[in-house]
2 protein chains.
Amino acid sequence: MAALDRSLISRLPLFRGLTPDEQSELLRSARSSRYAKDTAIFEQETDAHSFFVLIAGHIRVVRTTPDGQQVIARYISEGEIFGVAAALGRTTYPASAVAAVDCVVLAWPNALWPELARRFPAFGATTYKTVGNRLQETQTRVMEMSTEQVEQRVAHALLRLANQTGRKTDGGIEIDFPISRQDIAEMTGTTLHTVSRLLSKWEERGIIVSGRQKVTVKDPHRLVVLAENRDKG
Amino acid sequence: MAALDRSLISRLPLFRGLTPDEQSELLRSARSSRYAKDTAIFEQETDAHSFFVLIAGHIRVVRTTPDGQQVIARYISEGEIFGVAAALGRTTYPASAVAAVDCVVLAWPNALWPELARRFPAFGATTYKTVGNRLQETQTRVMEMSTEQVEQRVAHALLRLANQTGRKTDGGIEIDFPISRQDIAEMTGTTLHTVSRLLSKWEERGIIVSGRQKVTVKDPHRLVVLAENRDKG
DNA sequence: CCCCGAGTTTGCGCCAGCGCAAATTCTGCC
DNA sequence: GGCAGAATTTGCGCTGGCGCAAACTCGGGG
């Protein structure tokens with residue numbers, strides 16, 4: 001595995017700032033695994049044993065309420081670190097991580113975190129920076145949910161997905177993993193019905209094209225306008 | 001200042017795990033200041049020059065939308081660290097911090113963070129743990145805003161305030177800083193009108209007592225029921 | 001190639017909670 | 001002690017978006 005992963009890994013921002021030797025050392029203490037679509041990498045409330053880096057695929061981070069409703073906290077893309085509960089002093093995972101497509105993942109036992117963070121300060125710093133970004137993103141989301149209408153929130157969510165994981169095709173920017181109306185609803189705090197109505201409307205107007213578990217943004221600019229305008233639909 | 005602050009500080013959880021000598025050293029690099037009620041410790045989007053520990057008072061962390069609407073991200077209580085943007089790799093503050101009452105604050109230049117975190121690992125670890133807690137709280141808030149009704153959210157917010165900053169009085173648990181209906185609305189994503197109606201209803205039922213910028217929780221148990229029950233008011 | 005079931009669309013009725021507006025009550029300051 | 005302004009309360013009408021239900025569509029497995 002080492003050789004294969006080395007070439008993949010040296011490209012990832014998370015490992016910039018480490019020498020090839022250091023990268024090798026880091027990798028030596030990791031374990032690589034595959035997860036089939038729709039299987040869980042870890043489950044909410046269970047003992048946090050490891051932290052992870054996504055090598056290939058897309059992961060959905062989901063929180064479930066006591067009465068069973070689900071909310072999508074975020075999507076993880078290639079190269080991102082996730083499940084860092086332990087580095088933040090938690091002993092259990094606050095959410096579940098589910099493979100949105102077949103995934104390849106590196107895992108380190110949490111017990112190694114303090115040592116790794118000490119030995120590779122750049123690695124620790126990047127991780128904390130990531131956490132900082134996520135905290136800010138999450139707060140932005142609270143802000144959006146407090147002040148925006150559903151239409152704007154869905155527009156924002158699509159734009160974010162397009163930026164984060166969009167793949168340029170001839171027809172526009174396609175979100176490159178299967179995403180249902182229900183998923184979008186769980187990202188924006190609404191219902192799949194409302195999302196469906198919005199997407200239909202936008203498709204009529206040529207702003208997007210969408211199909212079963214698939215969305216392509218054709219006209220990001222008009223979507224930005226929708227996301228920002230409080231009035232008028 | 002040193003002598004005064006030392007006795008105050010050694011009680012704070014943030015400084016547990018440090019020897020008296022280390023505490024003194026940490027303090028030596030800090031600057032202490034007072035902030036009058038309603039003045040800003042730092043402002044959103046401005047250059048992050050320092051991080052802070054609240055010695056006395058209460059601080060409101062506020063994010064403002066491009067069109068001027070405000071959302072309260074959280075309240076900071078005595079002993080908490082805040083404005084740690086730099087430790088998370090940001091160069092500007094993502095929110096403003098405003099004194100909810102007259103406050104005393106310690107400030108360290110951000111430039112010292114790396115050195116301090118290295119020299120006092122317990123201090124760094126506690127800080128990151130705090131950040132982890134806040135990330136989780138913020139995500140919980142997203143979850144609440146996605147799945148709960150306004151009444152439940154307001155009940156949750158009051159319970160959290162009562163827990164975090166509640167002062168036991170003969171009449172119940174009093175939130176010990178001035179908080180308006182507007183503030184509660186900005187914490188829960190609703191309007192001051194709706195908050196006012198809810199508080200009136202709860203006061204009729206003897207669950208709380210409230211006045212101008214003041215709320216006292218008389219019957220936390222019934223508030224918990226309200227916070228958890230999706231149906232029936 | 002057909003069928004099954006998950007995912008999606010769409011119609012309809014309703015209501016929680018917002019927006020607006022006006023009245024009322026504090027409270028700190030002069 | 002009274003006044004001006006801020007905070008709060010309350011009424012009223014409206015509507016965005018949810019809940020329910022039914023129809024439809026598509027893609028993959030048999």
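Residue numbers begin at 1 in each chain, while the letters A, B, ... track the order of the sequences.
- Within the structure, every side-chain polar atom (N or O) of Arg212(B) is placed at least 4.0 Å from both OP1 and OP2 of dT25(C).
- Using a 30° and 60° split on the angle between ring planes, Tyr93(A) and Phe42(A) fall in the parallel class, below 30°.
- Below the 3.5 angstrom threshold, one finds no donor paired with an acceptor across the side chain of His193(A) and the base of dT8(C).
- Going from atom CD of Gln213(B) over to atom P of dG28(C) covers 9 Å, rounded to whole Å.
- In this structure, CG of Leu226(B) is placed 16 Å from C1' of dA16(C), rounded to the nearest angstrom.
- With rounding to whole Å, Gln182(B) atom CD is found 11 Å from dG19(C) atom P.
- Using a 4.0 Å cut-off between a side-chain N of Lys or Arg and a carboxylate O of Asp or Glu, Arg134(A) and Glu80(A) qualify as a salt bridge.
- Following rounding to the nearest Å, Glu186(B) (CD) and dC18(C) (P) show an atom-to-atom distance of 13 Å.
- The phosphate of dG17(C) (OP1 or OP2) has no side-chain N or O of Thr190(B) nearer than 4.0 angstrom.
- Summarising the geometry, the separation between NZ on Lys201(B) and C1' on dT8(D) is reported as 18 Å, rounded to the nearest angstrom.
- For Ser200(B), a side-chain nitrogen or oxygen approaches OP1 or OP2 of dT10(D) to under 4.0 Å.
- Nucleotide dG17(C) holds its P atom 14 Å from the CG atom of Leu199(B), rounded to whole Å.
- Within 3.5 Å, a donor on the side chain of Arg197(B) pairs with an acceptor on the base of dG19(C), or the reverse.
- Remark: Arg181(B) is in phosphate contact with dT8(D), judged by side-chain N or O atoms under 4.0 Å from OP1 or OP2.
- Looking at the side chain of Ser180(B), the nearest of the listed nucleotides dT9(D), dA7(D), dT9(C) is dA7(D).
- Here dG19(D) is the nucleotide among dT9(D), dG19(D), dT8(C) with the atom lying nearest to any side-chain atom of Thr191(A).
- In this structure, Arg167(A) pairs ionically with Glu174(A), as a charged nitrogen and a carboxylate oxygen lie closer than 4.0 Å.
- A 4.5 Å side-chain heavy-atom check between Met145(B) and Arg153(B) finds at least one atom pair inside the cut-off.
- Rounded to an integer number of Å, the gap from CG of Asp183(B) to P of dA7(D) is 9 Å.
- If you take NZ of Lys214(A) and C1' of dC26(D), they are 12 Å apart, rounded to a whole angstrom.
- With contacts defined as side-chain heavy-atom distances shorter than 4.5 Å, the pair Ile59(B)/Val98(B) does not qualify.
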